2 protein chains.
Amino acid sequence: MSQVRTAGRPLDDELRERVLDAADRLYYERGIQAVGMDELRTAAGVPMKRLYALFGAKDAIVAEVLRRRSAQWETGVRAAVDAATSPRERLLAVYDHLAAWFGQTDFHGCIFINSFGELGGCSPEVAAIVRAHKAAFQDYVAGLVADAGGPPALAAQLAILAEGAQTTAAIAGTPEAAVQARAAAATLVDAAGLPG
Amino acid sequence: MSQVRTAGRPLDDELRERVLDAADRLYYERGIQAVGMDELRTAAGVPMKRLYALFGAKDAIVAEVLRRRSAQWETGVRAAVDAATSPRERLLAVYDHLAAWFGQTDFHGCIFINSFGELGGCSPEVAAIVRAHKAAFQDYVAGLVADAGGPPALAAQLAILAEGAQTTAAIAGTPEAAVQARAAAATLVDAAGLPG
DNA sequence: CATCGCGGAGAACGCCCGTTCTCCACCGTC
DNA sequence: GACGGTGGAGAACGGGCGTTCTCCGCGATG
């Protein structure tokens, strides 16, 4: 059952990582349907037979890519938030994290929004993963707002600002939506009259 | 040059409308790549030869659908805004318009955001149309804000809220993002201290 | 009425996709 | 060294796509 490393043959886990890394990059850059299994095979340097032995079907690779991105997003946001000190700054740290992300040269928008637009109408599995990811983010923001002593309605507003910033930055191809959203969030937070 | 109606054969303009209506509905419901030319031909009740004589290629149909939607969106938003009286209400009317739209049973999100996610990475033409559409909306909001005597920064914030509401409502499958965005917009507008 | 030409209906074509299968080189074992 | 089996590389397959082509019926014209 347990795997033993052989000289020339990488372990299944390493190979899965390599495939998912390549799939993530290609799907994110050009879209899921635009990247075929042959291109993925070539990019990952994995034999086709191995690819299907590891994942079974393209759908499974897509789902795994999305789940990985969701975990990475959560990790990144948490790190940015936890680096902030006051509850107010923790709320606004979300938008600073967005600003850093939008500024990256390979920024192509939110892969969940993109995937939902591409496959949400035809793939219930993709739709469910995207919905769960966004719901988790909203819950996280709700927790931050609650910690700050803000009203629940503020959480939904802050989440909408974050979504709008991602959409706007992706389509415009410029990162300024993050600072605009941050300013709006600061106004909303202040208007909510947080304690402390 | 000018067309003359013949008994059994519809005019080109009528046929174009029929094709674009069918394409709009199918592309919006299930995505562009998921709908083939054969299905569109069947749905529109138009012979394949006529379809290609009218449009030349699928790309042209896609572009035309998006341009039509852009004009329809502009018309709808303007109507909602012009029905409002005060400058403040005119700004918030945008979100009331969103609320009515999100509540429709066939709401599947913003076709521009969806199309950008699906084809933005591979089709410069689609990307350009989507970018132009969103830029036009931002300009329109900027005009409303200017008319209300608000600062330019407010316009970008209000546009981001509208984008975020569309994304959130589409993915969640529920319309409440519109009223949440409206509340946030009202807070931002009030915080901007508009005159009058 | 014979003929011409145009338009309707859908088959045909070439290509690409996701998935499976074939072939062969290479390894451990007797 | 002979051999069985496993994994690498990529061709093969069935299906669906966008686009083009063929065939046929019909109405206009002499």
Side-chain angles (χ1 to χ4, degrees), chain A residues 1-16 18-20 22-23 26-27 29-66 115 118-119 121-126, chain B residues 1-16 18-20 22-23 26-27 29-66 115 118-119 121-126:
Chain A
M1 275 301 163
S2 70
Q3 290 190 37
V4 176
R5 175 187 287 276
T6 314
R9 185 168 168 272
L11 294 178
D12 282 359
D13 289 355
E14 292 177 4
L15 231 45
R16 285 183 65 96
R18 237 200 291 164
V19 170
L20 292 173
L26 292 170
Y27 291 166
E29 276 179 9
R30 309 218 313 275
I32 292 170
Q33 298 185 87
V35 177
M37 292 298 279
D38 210 65
E39 184 172 2
L40 176 59
R41 181 266 297 268
T42 303
V46 172
M48 199 66 109
K49 195 156 69 169
R50 204 87 192 283
L51 223 175
Y52 274 88
L54 286 172
F55 293 97
K58 180 178 181 178
D59 293 359
I61 301 178
V62 172
E64 203 68 37
V65 165
L66 291 179
S115 302
E118 181 174 359
L119 300 170
C122 283
S123 165
E125 187 183 12
V126 167
Chain B
M1 275 301 165
S2 71
Q3 291 189 37
V4 176
R5 174 187 287 277
T6 315
R9 186 166 167 272
L11 293 179
D12 282 0
D13 289 356
E14 291 177 5
L15 231 45
R16 284 182 67 95
R18 237 202 289 166
V19 170
L20 292 174
L26 292 171
Y27 292 165
E29 276 179 12
R30 308 217 315 273
I32 292 169
Q33 298 184 88
V35 176
M37 293 298 278
D38 211 63
E39 184 173 1
L40 176 58
R41 180 268 294 270
T42 302
V46 172
M48 198 68 109
K49 195 156 68 169
R50 205 84 192 285
L51 223 176
Y52 274 88
L54 286 171
F55 293 97
K58 181 178 180 177
D59 293 359
I61 300 178
V62 172
E64 203 67 36
V65 164
L66 292 178
S115 301
E118 182 175 358
L119 300 171
C122 283
S123 164
E125 187 183 11
V126 167

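Residue numbers start from 1 in every chain, and the chains themselves are labelled A, B, ... in the order their sequence lines are given, proteins ahead of strands. Because the structure is predicted, anything quoted here is derived from the model rather than measured.
- Of the candidates C:dT20, C:dG18, D:dG18, the closest approach to any side-chain atom of A:M37 belongs to C:dG18.
- Between the OH atom of B:Y27 and the C1' atom of D:dG18 there is a distance of 11 Å, given to the nearest Å.
- The interatomic distance linking A:L15 (CG) with D:dG7 (P) rounds to 12 Å, in whole Å.
- Residues B:Q33 and A:E118 have side chains in contact (heavy-atom distance under 4.5 Å, counting atoms from C-beta outward).
- One interatomic measurement links the two molecules: CG of A:L54 to C1' of D:dG8, which rounds to 14 Å at whole-angstrom precision.
- In this entry the distance linking CD of A:E39 with P of C:dT19 reads 16 Å, nearest Å.
- When side chains are defined from C-beta on, A:R41 does not count as touching A:V19, because their heavy atoms never get closer than 4.5 Å.
- For the pair B:K58 (side chain) and B:G36 (backbone), a donor-acceptor distance under 3.5 Å is absent.
- Here C:dT19 presents its P atom at 13 Å from CZ of A:F55, a figure rounded to the nearest Å.
- Rounded to a whole Å, the CG atom of A:L51 is 16 Å from the C1' atom of D:dA11.
- Contact of B:R50 with C:dG8 (side chain to base): no donor-acceptor pair of N or O atoms is detected under 3.5 Å.
- Rounded to whole Å, the distance from CZ on B:R41 to P on C:dG10 is 6 Å.
- Between A:D13 and A:R16 there is no salt bridge, since no side-chain N of the basic residue sits under 4.0 Å from a carboxylate O of the acidic one.
- Of the listed nucleotides (D:dT20, C:dT19, D:dA9), D:dT20 has the atom at the smallest distance from the side chain of B:M48.
- Within the 4.5 Å cutoff, the side chain of B:Y27 has heavy atoms near those of the B:I61 side chain.
- Across all strands, A:V35 comes closer than 4.0 Å only to sugar-phosphate atoms, never to a base (heavy-atom distances).
- Here D:dG18 is the nucleotide among C:dG8, C:dT19, D:dG18 with the atom lying nearest to any side-chain atom of B:Y52.
- Mapping A:D38 and B:P47 onto DNA chain C via the closest heavy atom, the residue that lands nearer the 5' end is B:P47.
- In this structure, the NZ atom of A:K58 is 19 Å from the P atom of D:dG15, given to the nearest Å.
- Among the nucleotides D:dT20, D:dC23, C:dT22, the one closest to any side-chain atom of B:K49 is D:dC23.
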